[in-house]
Amino acid sequence: MHEHLASLIAREQARQRDTLSLIPSENLTSQSVREVLASGFSHKYAEGYPGSRYYAGNAVMDELERFAWHRAQQLFATDYHVNVQPHSGSEANLAVYAALLSPGDTILAPALDHGGHLSHGHAVTLTGKLYTIVRYGVGTDGRFDLGQVRELAKTHQPKLIVAGVSAYPWQLAYLPFREAADLCGAALMADMSHVAGLVAGGQHPSPFGIADIVTTTTHKTLRGPRGAMIFCKPDLASKIDKAVFPGLQGGPHMHTIAAIAQALTEASEPSFTSYAQEVVRGMATLANTLSAGGCQLVGGGTNTHLALIDLRPHGLTGRHAQDLLERVGLVANRNSIPHDQAGPRNPSGLRIGTPWGATRGLASAHWEQIGSLITGLLTGAMTEETARLAVHELLTTIPIPHQFS
Ligand code: DSN
């Protein structure tokens, strides 16, 4: 390996060892996942699908992809068709739109500053340029305004409704979205990217059986390699498969598909249920500590893996708070909050979560400590030096488990 690359890897390993990621979309993967990812599966072109490839030499790849399908269906206890080829969550969502819609058709989706994702039709993305986007958001209680969703569905007659989030602290109930979709004959897509691991671990409602299509990334709470999957009801299978390949992508990343199959296997073990419980329990503890310490949580709390802190009462911007935490070894990300008057580059919120920390082994007492450090820093009651030493001491006592290092 080139020495510069080796040194970059070593520096990143040290950064991950010496800091704590609170970014709710990040996680650690097992050594087994990374071994599979680094295998010779990456050498093979396998355009097409099992039994129907455009290159020779794909007997093993066919078996591998079918194995990944079965693992996915087993984990989520579903008979939905599954496509494991999307290279990322944004491509998965775009593939669904391409499969079901024509340019100009209307999508009803969550607004970005209310917890949605760029790929849910934000104006700066291709999804926002190709389709007519109608946005729903949260009400005064911080929860999605389901009355608004129903009204918008009736008024705008969207062809697709998106139920999915990347910065929303509450569990999603999928049935009200189904009802809204049925009011106008729309298809319902659940984007469970953030919560897939919680669904697998029984800590979040499942969209299967309710949504027509379920998309997910594989590297967040699900603790797999970077990738994505699309599940759909059997009658949509052919459209979805064609939209992924050849519609949007060429050769599938077979090494990633193999690593996804490994991660899905790990997520079906009882220890993963304990992990998912720990993610949610830890987040509740962290949120309670933050609230008790004077932080205002967007939406009033959380019952998932993440929370958003409204920084305005502290007179801080998102960038300021993100930098402040990073200087003491806590890595979080600035985030827009509902009706944010500040721009997305320096918004008014800080997004935090527990998936990475729970994999590292942090439990409730540790999250209380992290919460006290964050409130101390944001309120100015604690010096950076004191917080930095405390984070260092905590992480020294809880090294990354061997299995994940
Ligand atoms: N960037 C991811 C997140 O942080 O939520 C979503 O793609």
Side-chain angles (χ1 to χ4, degrees), residues 16 19-29 86-97 107 109-128 133 135 137-138 144 162-172 189-199 204 207 214-230 248 253 256 260 263 279-280 283 298-299 302 304-309 318-319 321-322 325-326 330-338 340 344-359:
Q16 293 185 12
T19 61
L20 178 67
S21 175
L22 297 171
I23 296 172
S25 47
E26 290 185 353
N27 213 331
L28 296 152
T29 49
H87 295 156
S88 80
S90 291
E91 271 97 325
N93 288 348
L94 183 57
V96 173
Y97 307 155
I107 302 175
L112 186 69
D113 63 342
H114 289 238
H117 186 252
L118 284 167
S119 66
H120 298 161
H122 194 274
V124 299
T125 73
L126 190 60
T127 63
I133 308 298
R135 300 177 212 290
V138 298
F144 282 133
V162 176
V165 289
S166 70
Y168 181 75
W170 300 109
Q171 292 181 351
L172 273 195
M189 177 184 110
D191 177 350
M192 65 167 189
S193 294
H194 260 262
V195 297
L198 304 186
V199 173
H204 188 283
V214 179
T215 59
T216 185
T217 49
T218 47
H219 50 275
K220 297 187 174 89
T221 48
L222 198 52
R223 223 158 59 175
R226 306 194 82 84
M229 303 187 284
I230 304 173
L248 288 173
H253 295 178
T256 303
I260 289 172
V279 168
V280 175
M283 190 64 244
V298 175
T302 172
T304 61
H305 62 303
L306 70 78
L308 286 154
I309 303 172
R319 187 182 286 275
Q322 178 184 299
L325 262 63
E326 186 169 14
L330 298 175
V331 183
N333 75 279
R334 60 191 190 276
N335 213 98
S336 295
I337 60 175
D340 207 333
R345 286 189 183 278
N346 197 6
S348 307
L350 192 72
R351 191 179 65 151
I352 53 173
T354 50
W356 175 299
T359 297

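We count ligands from 1, going down the list as the structure has it; atoms in each ligand are counted the same way. These numbers come from a predicted model, not from an experiment.
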of all protein heavy atoms, closest to atom 3 (C) of ligand 1 is S25 OG, 3.3 Å

Starting from atom 5 (O) of ligand 1, locate the nearest protein heavy atom and write down its residue, its atom name and how far away it is, to 0.1 Å.
H194 NE2, 2.7 Å

Would you mind telling me which of P24, S193, P355 makes a side-chain contact (heavy atoms from CB on, under 4.5 Å) with K220?
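The passing option is S193.
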
Checking side-chain contact (heavy atoms from CB on, under 4.5 Å) between M192 and each of T221, V199, T217, which is the one that passes?
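For M192, the side-chain contact (heavy atoms from CB on, under 4.5 Å) test succeeds with only one of T221, V199, T217, which is V199.
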
With side-chain hydrogen bond (donor to acceptor under 3.5 Å, both in side chains) as the test, would you mind laying out the steps for S88 and S90 before giving the verdict?
CA-CA 6 Å; S88 80; S90 291; 4.7 Å; no

For Y168 and F144, take the angle between the two ring planes, folded into 0 to 90°, and tell me which bin it lands in: parallel under 30, tilted 30 to 60, perpendicular over 60.
parallel

Atom indices of ligand 1, in the order listed, that fall short of 4.0 Å to a heavy atom of [X]:
X    : result
R351 : 3 (C), 4 (O), 5 (O)
H117 : 6 (C), 7 (O)
S166 : 5 (O)

Would a search of protein heavy atoms around atom 7 (O) of ligand 1 find one under 4.0 Å away?
yes

Steps toward side-chain hydrogen bond (donor to acceptor under 3.5 Å, both in side chains) verdict (D191, H117):
CA-CA 10 Å; D191 177 350; H117 186 252; 5.3 Å; no

